[in-house]
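So the structure is just underneath, and the comments pick up after that.
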Amino acid sequence: MTVRTRFAPSPTGFLHIGGARTALFSWAYAKKHGGQFILRIEDTDVARSTPEAVQAILDGMHWLGLDYDEGPFYQMQRMDRYKDVIQGMLAAGSAYYCYSSKEELEALRESQMQQGLKPRYDGRWRPEEGKVLAAPSADIAPVIRFKNPKDGHVVWNDLVKGEISIANQELDDLIIARADGTPTYNFCVVVDDWEMGITQVIRGDDHVNNTPRQINMLKALGATIPQYAHLSMILGDDGQKLSKRHGAVSVMQYHEDGFLPEAVLNYLARLGWSHGDEEIFSMQQFCEWFDLDHITPSAAQFNTEKLKWLNAHYIKQADKQSLASDISLRLAQLGVTVAAQPDLSAVLDLYKERANTLNELAESIVYFYQKPAMDALAAEKHLTDDIKPALQKLTTILTTCDWNAEAIHHAINDVVTEFQLKFPKVAMPLRVLICGIAQSPSIDQVMVLLGREEVLARVSTFK
RNA sequence: GUCCCCAUCGUCUAGAGGCCUAGGACACCUCCCUUUCACGGAGGCGACCGGGGUUCGAAUCCCCGUGGGGACGCCA
């Protein structure tokens, strides 16, 4: 049987880091087994679903390169099918109308909680042999409930967590269609997973409790039951749960913050999954290695520092052309126009080993395209009067010497020797005058790229 | 409250009874490289939640406890 997995987000917000990992694992599992990966948008909550959120999810998937073989399918477009299935269940007696009002249910829940019980529907409208149901009140539009088995256990072998067993006694008759007739999540999932031929449901840990109900419905429908793999949640950097209010950022935020999709993907792959000691690997490699056996059942804390480390790695490996075009965009956002000289690619060659993010990289090379602001501390430390004669002499040599790293290095060396100084004594003031700060790559290389004219202009500001 | 799940360095993890004196990675510290800062290289610090079993032997299996998390919607 071909493997078919799906990612089924609800479009009520952007694609966040947890969703991205779920998508990645489902995607990789399908790839590994030569199967299909399906994208399904679960938009049955009309009140909260938005087209913007749909787009945000699509954008996030696209940025990460998580392509799907089928879809996106929209559940709202499958309403007729769901309603057909519900009619069939009503006819077969595995579903029934319930005329309890919301208020009535709310009161029930509260009294159960007070008694220390698990709040659940008491089955007052559930048809039973020999049971006489009350007359439905005309002013209440009924919901439809699934008639869950009362006895026995639902047991499945979770591909991540192992065997999980839940007593049917713990389960109540869940609503599968609202009063307005629209089907609810747990029901649509069942129909879709069934009809789309999903073989492995890989999803968040928060769905564990839905699984036995879904299995019961699948059984009632005579459907094949897929395998389930429940992924534990991802905690924020501070160990707290990710939520809309707290740290649950969009994957696109990582794009804006200067992370490469390769880094985010690689990081996510290692969050909860491992392949021995492997830390850095391509998605192609990941798809070959990926398996459900090596997923940790416990929650994982997100660690931005490690993501940065991976990002730095992928920046070093980045394709020259695409790195240059990305960085020039980011420079533009900083209000910096990239001139033809110094050549951006050459500048990046000098700098790409030094940055953790693309934003850092862009910021660090601004001084090649506009005069830097002078760091006061660096200036105070290095731009001392006693160094002026040496710099004066250096300026003279630089005006006429060859313009390459070697020649410039010699020029500095000559001055160092002549004035009986240490190399940094000359290089540091030079660096501060040219870069505005006391840190830069090899100063002679920086000077080569910046050009003689601009170097002399900047050095001459110190007299 | 009830049900379900989880538990190895600060963090991500390796570990399927002897290979564990518990390995790797990020972070941190030291040193080397050096023209500053990075990069890179070499070291270092640092963990099996507690208690009982089972076994010749347990990080690994079982039970209890503790701690954490999830679910309990006419949300998904």
Side-chain angles (χ1 to χ4, degrees), chain A residues 8-12 42-45 47-49 75 98 100-102 105-106 109 112-120 141-145 158 160-162 164-167 169-172 174-180 182-186 188-189 203-212 230 232-233 235 237 239 241 267 270-280 293-294 296-310 312 316 351-356 364 378 382 409 412-413 416 422-428 430-432 435 437-444:
Chain A
S10 66
T12 54
E42 312 219 316
D43 53 358
T44 52
D45 184 355
R48 293 198 301 163
S49 297
Q75 291 188 321
C98 165
S100 293
S101 69
K102 285 187 187 181
L105 260 17
E106 187 51 44
R109 250 196 294 277
Q112 286 168 328
M113 286 283 253
Q114 271 176 2
Q115 292 172 63
L117 298 170
K118 185 176 184 169
R120 54 193 197 262
V143 297
I144 299 171
R145 289 185 184 269
D158 196 276
V160 171
K161 293 177 182 289
I164 298 178
S165 167
I166 292 172
Q169 283 182 352
E170 295 295 330
L171 274 21
D172 61 0
L174 82 164
I175 293 171
I176 58 177
R178 303 178 178 90
D180 66 3
T182 57
T184 58
Y185 162 76
N186 267 299
C188 298
V189 168
R203 64 187 1 170
D205 195 298
D206 48 336
H207 289 288
V208 167
N209 293 279
N210 291 324
T211 306
H230 287 101
S232 288
M233 58 185 313
L235 273 22
D237 263 308
K241 186 197 171 184
Y267 179 75
R270 278 289 288 104
L271 201 58
W273 176 85
S274 60
H275 186 264
D277 291 338
E278 301 293 342
E279 294 287 351
I280 294 178
D293 297 338
H294 290 83
T296 341
S298 53
Q301 189 170 316
F302 197 89
N303 184 218
T304 306
E305 288 304 316
K306 189 161 181 181
L307 206 212
K308 281 185 184 170
W309 170 73
L310 278 165
K316 285 174 211 159
Y351 262 93
K352 67 181 178 189
E353 302 218 328
R354 318 168 65 83
N356 284 325
S364 69
H382 299 291
H409 186 79
I412 299 172
N413 242 341
V416 163
K422 297 270 187 198
F423 196 98
K425 190 66 186 160
V426 176
M428 289 310 292
L430 203 51
R431 177 171 279 124
V432 171
C435 310
I437 54 172
Q439 301 82 37
S440 84
S442 184
I443 194 61
D444 43 27

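Here is the naming used below: chain letters follow the sequence lines, and residue numbers restart at 1 for every chain. The structure presented is a predicted model; accordingly, all values stated were derived computationally and were not measured.
Side chain A/Ser442 to base B/U35: a donor-acceptor pair is found below 3.5 Å. Residue side chain A/Asp43 does not reach the base of B/A76 through any donor-acceptor N/O pair under 3.5 Å, judged by distance alone. With hydrogens and angles ignored, no donor-acceptor pair closer than 3.5 Å exists between the side chain of A/Arg270 and the base of B/U13.
Using a 4.0 Å heavy-atom distance criterion, A/Asp237 is classed as making no nucleic acid contact. Within 4.0 Å (heavy atoms only), A/Ala300 reaches sugar-phosphate atoms of the nucleic acid but no base atom. A/Thr182 comes within contact range of no nucleotide atom at all, as no heavy-atom separation falls under 4.0 Å.
If you measure from atom CD1 of A/Ile280 to atom P of B/U13, you get 17 Å, rounded to the nearest angstrom. In this structure, A/Asp158 atom CG and B/A71 atom C1' are separated by 15 Å, rounded to whole Å. For A/Gln115 and B/G1, the CD to C1' distance is 11 Å, given to the nearest whole Å. If you measure from atom CD of A/Gln301 to atom P of B/G69, you get 12 Å, rounded to the nearest angstrom. With rounding to whole Å, A/Asn186 atom CG is found 9 Å from B/A76 atom C1'. Between A/Lys308 atom NZ and B/A38 atom P there is a gap of 14 Å when expressed in whole angstrom units.
Both A/Leu307 and A/Ser274 sit near RNA chain B, but only A/Ser274 has its closest nucleotide nearer the 5' end. Both A/Leu117 and A/Tyr267 lie near RNA chain B, and the one whose nearest nucleotide falls closer to the 5' end is A/Leu117.
Heavy atoms only, all atoms of each residue included: A/Lys306 and A/Glu279 are closest at NZ-OE1, 3.1 Å.
With respect to A/Asp205 and A/Lys161, a salt bridge is recorded, a charged nitrogen being found less than 4.0 Å from a carboxylate O.
In this structure, B/A27 forms no base pair with any nucleotide, since neither Watson-Crick nor G-U wobble geometry is met with both distances under 3.5 Å. Nucleotide B/C33: unpaired (no Watson-Crick or G-U wobble partner with both distances less than 3.5 Å). Checking B/C20 for Watson-Crick or G-U wobble geometry (two distances, each under 3.5 Å) identifies no partner in any strand. Within the shown strands, B/U66 is the pairing partner of B/A7 under the Watson-Crick or G-U definition, both distances less than 3.5 Å. Pair check for B/A71 finds B/U2; Watson-Crick or G-U wobble, both atom distances under 3.5 Å. Nucleotide B/U54 forms no Watson-Crick or G-U wobble pair with any nucleotide shown, as no partner meets the under 3.5 Å limit on both distances.
For B/G73, the OP1/OP2 oxygens have a side-chain nitrogen or oxygen of A/Arg109 closer than 4.0 Å. Taking side-chain N and O atoms only, A/Ser440 has no distance below 4.0 Å to OP1 or OP2 of B/A38. Distances shown here put every side-chain N or O of A/Thr184 at or beyond 4.0 Å from the OP1 or OP2 atom of B/C74. Of the side-chain N and O atoms in A/His294, one or more sit less than 4.0 angstrom from OP1 or OP2 of B/G15.
Across B/U11, B/C72, B/A76, the shortest atom-to-atom separation from the side chain of A/Asp206 is found for B/A76. The nucleotide whose nearest atom lies closest to any side-chain atom of A/Ser298 is, among B/A7, B/G23, B/C4, B/A7. In the set B/U35, B/A76, B/C12, B/A76 carries the atom at the smallest distance from any side-chain atom of A/Asp45. When distances are taken from the side chain of A/Lys241 to each of B/G70, B/G23, B/A76, the shortest belongs to B/G70. With distances taken from any side-chain atom of A/Glu170 to the nucleotides B/A7, B/C3, B/G73, the minimum falls on B/C3.
Within 6.0 Å of CD on A/Glu278 lie more than 12 heavy atoms contributed by other residues, nucleotides or ligands.
Counted by atom type alone, A/Asn186 and A/Thr184 present zero donor-acceptor pairs between their side chains at under 3.5 Å.
Classification of the A/Tyr267-A/Phe302 ring pair by plane angle, with boundaries at 30° and 60°, yields perpendicular.
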